[in-house]
Amino acid sequence: MSWPGFYTLSAAWLSILLIPLVIFYFLKLKRPRLEVPSLLLWNQVINDQRVNSPFQKFKRNLLLLLQLLLLACLILAAMQPFIPSGADRVKYLPVLIDCSASMAATDAGESTTRLEQATQQVSKLIDDLLPDQRMSIISVSSHARQLTSFTDNKRLLREAIEKVVTTDLASRVEEGLRLTQALSRTVPIETVILYSDGNVPERIDFDLPFQLQFHRLGQPASNIGITALTAQRNDVDTWHIFAEVMASVAAASGTKVQLIHEGEAVMDDYVELEAGQSKRLLLQVTTESASELEVRLIPDGSDALEADNTAYLRLPTARPLAVYCSESLSAFRHALQAMPGVDLFPDGDEPRRRTSYDLAITDQELLDGIESNVQVTVGVIPEAVQKLVSVDTGSANVVDWKRNATLLQHVQLTDVLISDQARSADGVSDGDYESLGYDILAHGNTGPLILERRTGDRLFYHILFHTDRSTLGYRVAFPILVANAVRITLQEAALSEVRAAGTGILPPQRLDPDTTYSIVGPDLKQESSTGDDGMLSGIAAPRSGFYKVLEDGVEVRRVAASLLSAQETSLRAVEELQFRELTVAAAVDQVKNDRPLWHGFALGAFCLLLAEWWYFNRPAPIVTT
Amino acid sequence: MPSTPPPTAPQSIKTRPSALTGLLSNEALARLERLRLNPHRRLTNRSQGEHLAGKGGTSTEFSDYRDYAPGDDVRYVDWNIFSRLNRPYVKLYQFEEEMHVMLLIDASSSMLFEDKLLRARQLAAAFGMMSLLNMERVSAWAGRRTGEPMKFLPPCSGRISLRRLFDFLEGLEGGGAMSIDESIEAALRQHRGRGVAVLLSDFLTFGSLERSLNRLFSAGLEIFAVQILSPSELAPDVSGDVRFVDSETGRTLDVSSAADLLGIYHDQRQAYAEHIGEQCQKRNGRFLSVGSHEPVDSILFDACRRQGWVR
């Protein structure tokens, strides 16, 4: 048995109030005076009372006793008594609540979600919070957010946990731990409590500087969801839809798969999955124009997560690729002319001249009035790297290249001879290029030969040597290189393949430059502005659904973010968190905390007050004379 | 909250033009004319009166015969018996002597509560009138303040003294701390004569009554004690913590949870009344406890008659 302790022992000084209470009682300052003919009978009554009943003395001072008890209760309540839990007491207690998508799951046999179970347990913690303890609520999903600073204000804490809602994002516990580590620079943090369903990465790249109590919530539950959705153009008007459906690790389940095109169900399928199994489904839709596509799952039995049952895709309009190629690059033009679905510019038809292209291939440094998503420069050193590299006349060959780079896939550069020799300046290393945002795809014997750089949604490839002064143009590798460039462009323009966007961050959108847009999504409204390049990027998409981009209240674009992480759909739960140096096992018991007793004493004081009031105001007994 | 009516000033008695006194109604007075006090003992004075004494006298009430002795007044010889028996016998008659009725009224502050003093004056008027109409000597005493001389109506007798008695009682005012035993002691210092002492008081005194009653008994006065209590004394309505203040002495008594003590209070009150009655009975006296709220007619013609105080 542990003896109760007191948080505010100094409040014991209040017990000196007992002295004036007794004094005031015996002074009887508030007794009503009642004049009677004679005290004779009442004197005899008092004498008789004292003689006859030894308890009458106590009864006579019952008011005093009740008042003393009442004051004692109040003093004890003010002293903040508690029953020690036996665990080490912490003054600052950060509580991390996992609010990733899997926390919205409702387990079999439960009526509440995992997040609601977590908030209920945190509410108990808040109720038992002691006066010298400060708590901070931190929500964790793909990022961490401190909902309250360290406070003992229970109202604020309760309001904070009421605001905790699940997001359709994956859980990154280390984000919450890092935030807590940052907080520990201002206050001493010894213990951190984490409420999670364990649907987190098995290995967490973090060194724990404090003790972590991991409280795992939820039971294995049946769930099925879409984890990937892509569309590939098969023909001019035919798209192949690939949907990956995954079942949770807990149970096998089946689901009906519905393909909805422009609000109309066009295809149904049925899939049965073993526990933890995933299947790729091939669906097909025929359309030439831009349209919206929805894949919806209708599970057979219970389904813990609703958010991963729907995925959206926006199919683009089928059109030929607009490619600009300088007329001086005849080899490139020749290769491009042979490719289907490519409109090559300039083609001598002046009215068809345009300013925006999907792909631009040029040997000029600046392309005035021409914009393109993908640009390939040939024999031009970008201005940013002119201090790092120079091209001289000489003999160079390709030493190594990135064979997995999309541009150089299946491109053999071994025996290519180059008469333009790119030479890095003295002391320049590969890191200097990378620091400027350039990735070296091909290395020559004296310097880089091909560079890649992405700026926003634009992709630049710089071939530092001129192909006309190399043997590349005579190799099989050359048309493959051009075909790779066209394929990259098709992907960038989303003309050949589109992927459903996942939750988290919306894909960058090219809109009008220097314009402010409102983005209205599920349970979210935010504003963002485009820069000079017109790119709207970094838009948070924490919930699955459509996000409308509005300019002055008018919808200019509609973007869907619907795919959840496969980890969330699997509802896989870890038994322990593996950190770099140690492992934290999930705790089964509720968090032990000191139990405050002041409520009981305050309630006791109130009851005593009521008892006193009742006792001294109850009707007088009827006495027959 | 405790509720006891505050003491009231004695009501000034105004005699209605058609009434003999404001204390009693004419109907009550008419009924009282036919009543007289009925003491246990025949305590009389030597002076001639209408109260039959135990010894022989010259009244018209026949008592006995005895043999004639030389020197007897021949007027008392029963000549009818002499003619039949040829022996002289003398007729004896009862002696009619005067009885002194002392009315002692407690007029202290405690009697100012709830018509107690009024009821005492009414009863005194009734007993006084009965006595005067029956040719007894009546004197009245009223004790108020300790150290002050008692208000006193000298002994008087006869119907002619009725007005004096009523005037005395009607003008009687209360207030003071003189206890009933002090009043008795003070009255007996001046009183002369045997008879009846009618004590009208609440008897709520801290002093000992036994000595005073002994002195009354020694003085040849049969005790007729009437305890008059107010309704708030008979059934007090108090609760909670109360500070009682004695109306006479100003002393205080703090009582907690007074409602709980009401049972004990009633026991004590009844025991005290029984004690006074016992003390009176020991001295061949009588005791009656009445409430000031009871009608005076009910007390006189019901309670007193049933207990044989009057006949």
Side-chain angles (χ1 to χ4, degrees), chain A residues 20-71 608-625, chain B residues 1-7 108-114 116 177 179 202-207 228-273 291:
Chain A
L21 178 70
V22 174
I23 292 172
F24 284 138
Y25 181 82
F26 284 112
L27 285 176
K28 300 174 180 67
L29 296 177
K30 289 187 178 177
R31 264 178 205 278
R33 290 168 66 89
L34 181 66
E35 191 173 17
V36 291
S38 174
L39 291 179
L40 175 72
L41 291 174
W42 284 109
N43 261 330
Q44 291 175 350
V45 166
I46 295 298
N47 291 333
D48 186 70
Q49 178 197 30
R50 286 172 185 164
V51 170
N52 285 345
S53 172
F55 297 104
Q56 289 298 328
K57 193 165 186 175
F58 163 76
K59 202 173 175 184
R60 185 169 173 259
N61 291 321
L62 190 60
L63 174 64
L64 176 63
L65 284 173
L66 285 173
Q67 287 176 353
L68 288 174
L69 278 173
L70 196 152
L71 185 58
L608 281 171
L609 189 69
L610 288 180
E612 184 185 331
W613 180 86
W614 171 81
Y615 184 80
F616 289 98
N617 289 282
R618 71 189 196 282
I622 297 170
V623 179
T624 52
T625 56
Chain B
M1 280 294 292
S3 59
T4 298
S108 62
S109 296
S110 65
M111 292 294 285
L112 296 180
F113 284 77
E114 298 173 81
K116 283 163 71 177
S179 62
D202 52 13
F203 292 100
L204 299 177
T205 174
F206 286 97
I228 304 168
L229 294 177
S230 63
S232 63
E233 288 168 320
L234 289 168
D237 180 17
V238 289
S239 60
D241 291 354
V242 185
R243 171 168 289 182
F244 290 118
V245 182
D246 192 304
S247 63
E248 293 180 0
T249 62
R251 285 193 300 171
T252 60
L253 178 69
D254 293 339
V255 176
S256 298
S257 186
D260 288 343
L261 305 177
L262 289 179
I264 304 173
Y265 175 88
H266 287 287
D267 292 344
Q268 286 294 335
R269 182 181 59 74
Q270 285 175 352
Y272 185 62

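Treat the numbers as computed from the prediction; the structure is a model and nothing was measured. Order of the sequence lines sets the chain letters (A, B, ...), proteins ahead of strands, with each chain counted from 1.
- In this structure, CZ in B:R243 is found 6.5 Å from CZ in A:R33, a value given to the nearest 0.5 Å.
- For B:T249, no part lies under 4.5 angstrom from a heavy atom of chain A.
- For the pair B:V238/A:W42, a side-chain contact is recorded, criterion being any heavy-atom separation below 4.5 Å from C-beta on.
- The shortest distance between side-chain heavy atoms of B:F244 and A:E35 does not fall below 4.5 Å.
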Next on the checklist: Does A:L40 form a side chain to side chain contact (heavy atoms under 4.5 Å, CB included) with B:F203? I'd like the steps, not just the answer.
Outcome noted: CA-CA 10 Å; A:L40 175 72; B:F203 292 100; over 6 Å; no
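- Of the two parts of B:Y272, only the side chain, counted from C-beta on, holds a non-hydrogen atom closer than 4.5 Å to a non-hydrogen atom of chain A.
- The two residues A:L39 and B:F206 come nearest to each other via the heavy atoms C-CZ, 3.8 Å.
- Listed here is the closest heavy atom pair of A:L41 and B:R269: CD2-CA, 3.8 Å.
- Summarising the geometry of A:I46 relative to B:L253, their closest heavy-atom pair is CG1-CD2, 3.9 Å, with the distance given to 0.1 Å.
- Between the side chain of B:S110 and the main chain of A:P37, no donor-acceptor pair closer than 3.5 Å is present.
- Two residues are said to be in side-chain contact when any heavy atoms from C-beta on lie closer than 4.5 Å; B:V245 and A:V36 fail this criterion.
- Proximity of a side-chain donor or acceptor of B:D246 to a complementary backbone N or O of A:S38 within less than 3.5 Å is not detected.
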